[in-house]
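Notes for the one structure printed next.
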Amino acid sequence: MLITDNNKIETYYQALLDRKQSFVGIFFVGVKTTSVFCIATCRARKPKLKNVEFYTSFKEALDNGYRPCKICKPTENANQTPEQVEKAIILVKENPKDKITDFQLRQKGISPEVVRRWFKNNYGMTFQAYQRMYRINNAFQELKKGKNATHTAFDTSYESLSGFGYTFKKLVGKSPKQIKDKNIILINRLTTPLGPMFVCATDNGICLLEFVDRRMLETEFKDLQKLLNANIISGENEHIKQIKKEIKGYFEGTRKKFDVKLETPGTDFQNAVWNCLQQIEYGTTTTYQKQAEKINNPKAIRAVASANGYNRISIIVPCHRVIGKDGKMTGYGGGIERKKWLIEHERNNAST
């Protein structure tokens with residue numbers, strides 16, 4: 001929201017002048033004279049107090065017509081994983097079967113308090129819960145390959161088979177002996193110039209890519225778990241690693257097509273619409289009516305618009321390229337300003 005409290009405004013403005021690291025992500029400052037917004041540590045020349053306004057989220061700054069500063073890159077740096085947290089995540093990935101303790105973190109020069117706070121704010125879970133999910137994911141893969149449950153339990157640092165079974169069933173939805181027809185969906189996080197995104201993937205491919213502030217995100221998670229008979233747990237697979245590289249290239253303007261595999265559970269009509277979206281060329285736009293005509297169902301304009309709204313894979317399945325018949329921007333799950341940004345970004349890089 002827009003900050004109107006004068007005391008806060010003075011505090012935030014002083015933090016901007018002093019480039020205080022501790023205020024990064026606490027406020028986003030819109031500069032009226034340049035129409036850009038920044039974070040507290042921006043190195044650009046400081047504006048006068050009368051020419052700024054402060055917001056509590058970058059999305060509000062975007063929605064009010066401000067664009068991200070190219071110097072401080074607020075949507076990336078305000079949500080970037082701190083170095084200590086990055087080190088903790090690497091520890092988990094390098095030791096997927098072990099439980100990383102606070103003592104081990106401190107030995108590596110990592111503050112457990114910083115790690116806990118960041119995970120709570122950015123993942124909505126504790127670091128311990130994040131670790132458990134990684135260990136259970138590793139156990140799930142081994143059990144699928146036929147490994148004995150008892151051996152798997154003790155190999156993943158559980159002190160008892162019952163404790164392993166309880167945690168496994170809580171996260172996966174089935175006991176270790178009942179997973180034959182059970183699947184899991186891995187969830188991870190990435191940062192972009194338009195803010196952080198969640199990415200979900202199965203063994204078959206990417207099934208979700210959404211901005212973390214998407215209003216329908218919780219509903220999409222529930223729908224995916226039901227459609228795929230799976231539970232969502234934190235983790236990473238080859239599809240997630242691949243999309244992180246491809247999305248980075250997209251935002252750098254060097255990638256115009258995606259090669260990553262997708263899994264898009266839905267009705268035949270929805271998949272026809274989503275396939276049609278992927279045929280819209282980079283740097284161009286179309287309308288719902290043209291979409292309906294392309295799938296040989298010219299009267300299904302509203303149904304096409306609805307199917308677009310149910311698309312769970314932003315950018316790769318480019319529903320942002322669909323605009324109103326009158327040329328105006330229509331609804332977009334990530335917000336209209338993001339839609340404008342993506343269209344402009346593609347037009348600027350289409351010829352390169």
Side-chain angles (χ1 to χ4, degrees), residues 1-86 111 113-115 117-124 189-198 210-215 217 247-248 250-253 314-315 320 329 332-345 348:
M1 65 178 181
L2 176 67
I3 301 299
T4 56
D5 182 275
N6 288 330
N7 290 331
K8 274 191 176 180
I9 290 172
E10 288 179 13
T11 300
Y12 289 172
Y13 185 68
Q14 191 59 50
L16 178 67
L17 295 179
D18 297 338
R19 296 180 187 169
K20 285 192 175 181
Q21 178 70 38
S22 59
F23 281 80
V24 171
I26 302 298
F27 69 76
F28 296 84
V29 56
V31 183
K32 300 173 187 176
T33 51
T34 59
S35 295
V36 301
F37 70 94
C38 309
I39 51 176
T41 53
C42 187
R43 293 178 286 102
R45 184 179 176 183
K46 301 307 177 188
K48 294 180 179 179
L49 178 58
K50 66 179 182 180
N51 292 329
V52 299
E53 51 189 9
F54 296 92
Y55 296 90
T56 53
S57 78
F58 68 80
K59 190 172 186 302
E60 288 156 352
L62 281 171
D63 290 344
N64 280 277
Y66 292 101
R67 61 184 185 276
C69 171
K70 291 182 179 179
I71 296 174
C72 66
K73 299 180 180 178
T75 52
E76 294 176 79
N77 293 329
N79 298 279
Q80 199 168 33
T81 310
E83 186 179 356
Q84 289 192 60
V85 177
E86 190 62 48
S111 165
E113 292 76 21
V114 168
V115 173
R117 186 162 55 247
W118 189 89
F119 267 90
K120 198 67 177 175
N121 291 339
N122 291 275
Y123 268 109
R189 183 180 179 275
L190 58 100
T191 304
T192 78
L194 292 179
M197 301 183 81
F198 281 131
E210 293 280 26
F211 292 102
V212 299
D213 53 17
R214 166 106 156 97
R215 193 173 295 176
L217 196 56
I247 283 292
K248 184 176 184 291
Y250 170 84
F251 278 106
E252 290 174 346
S314 297
I315 301 175
H320 64 273
M329 295 292 164
Y332 181 62
I336 293 297
E337 293 305 319
R338 280 197 181 112
K339 182 170 184 170
K340 290 179 183 177
W341 193 99
L342 291 168
I343 290 173
E344 184 178 347
H345 170 72
N348 290 338

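Side chains included, hydrogens not; waters and symmetry mates left out as well; all remaining heavy atoms used. Values in this document were obtained by computation on a predicted structure and should not be read as measured data.
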*Parallel, tilted or perpendicular for Phe54 and Phe27, by the 30°/60° rule?*
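Phe54 and Phe27: perpendicular rings.
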
Specify the closest pair of heavy atoms between [X] and [Y], including all atoms of both residues, with the distance to one decimal.
X	Y	result
Phe251	His345	O-CE1, 3.3 Å
Pro47	Tyr13	O-OH, 2.7 Å
Arg214	Gly333	NH1-CA, 3.4 Å
Thr192	Leu190	CG2-CD1, 3.4 Å
Ile9	Ile3	CD1-O, 3.6 Å
Leu217	Val212	CD2-O, 3.6 Å

[Y] backbone acceptor or donor facing [X] side chain under 3.5 Å:
X	Y	value
Arg338	Gly334	yes
His320	Trp341	no
Asp18	Lys20	no

Does any part of the side chain of [Y], heavy atoms only, come nearer than 4.5 Å to the side chain of [X], both counted from C-beta?
X	Y	answer
Pro68	Phe37	yes
Ile39	Cys69	no
Pro74	Phe58	no
Val114	Arg117	yes

_Verdict with supporting geometry, Lys340 and Glu344, salt bridge (charged side-chain N to carboxylate O under 4.0 Å, His left out)_ = CA-CA 6 Å; Lys340 290 179 183 177; Glu344 184 178 347; over 6 Å; no

From [X] [atom1] over to [Y] [atom2], what is the distance, rounded to the nearest 0.5 angstrom?
X	Y	atom1	atom2	answer
Ile315	Phe211	CD1	CZ	4.5 Å
Ser314	Lys339	OG	NZ	11.5 Å
Met197	Glu210	CE	CD	6.5 Å

*asked:* So, using side chain to side chain donor-acceptor pair (under 3.5 Å) as the criterion, who are the partners of Tyr55 when residues are at least two apart?
replied: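 Once residues adjacent in sequence are excluded, the partners of Tyr55 under the side chain to side chain donor-acceptor pair (under 3.5 Å) criterion are Glu53.
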
*Who passes side chain to side chain donor-acceptor pair (under 3.5 Å) against Thr34, sequence neighbours left out?*
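Scan of Thr34 (side chain to side chain donor-acceptor pair (under 3.5 Å), adjacent residues dropped) gives none.
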
_Looking at Glu113, I'd like to know if its CD atom is crowded, meaning that more than 12 non-hydrogen atoms belonging to other residues, nucleotides or ligands lie closer than 6.0 Å._
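Check passes, neighbour count above 12.
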
_Looking at Lys32, I'd like to know if its NZ atom is crowded, meaning that more than 12 non-hydrogen atoms belonging to other residues, nucleotides or ligands lie closer than 6.0 Å._
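Yes, because the 6.0 Å sphere around NZ of Lys32 holds more than 12 heavy atoms from other groups.
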
*Apply the side-chain contact (heavy atoms from CB on, under 4.5 Å) test between Lys8 and each candidate in Thr11, Asp5, Asn6; give the one that qualifies.*
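So the option named by the test is Asp5.
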
*Kindly indicate, with the supporting measurements, whether the criterion side-chain contact (heavy atoms from CB on, under 4.5 Å) is fulfilled by Leu342 and Tyr250.*
CA-CA 10 Å; Leu342 291 168; Tyr250 170 84; 3.6 Å; yes

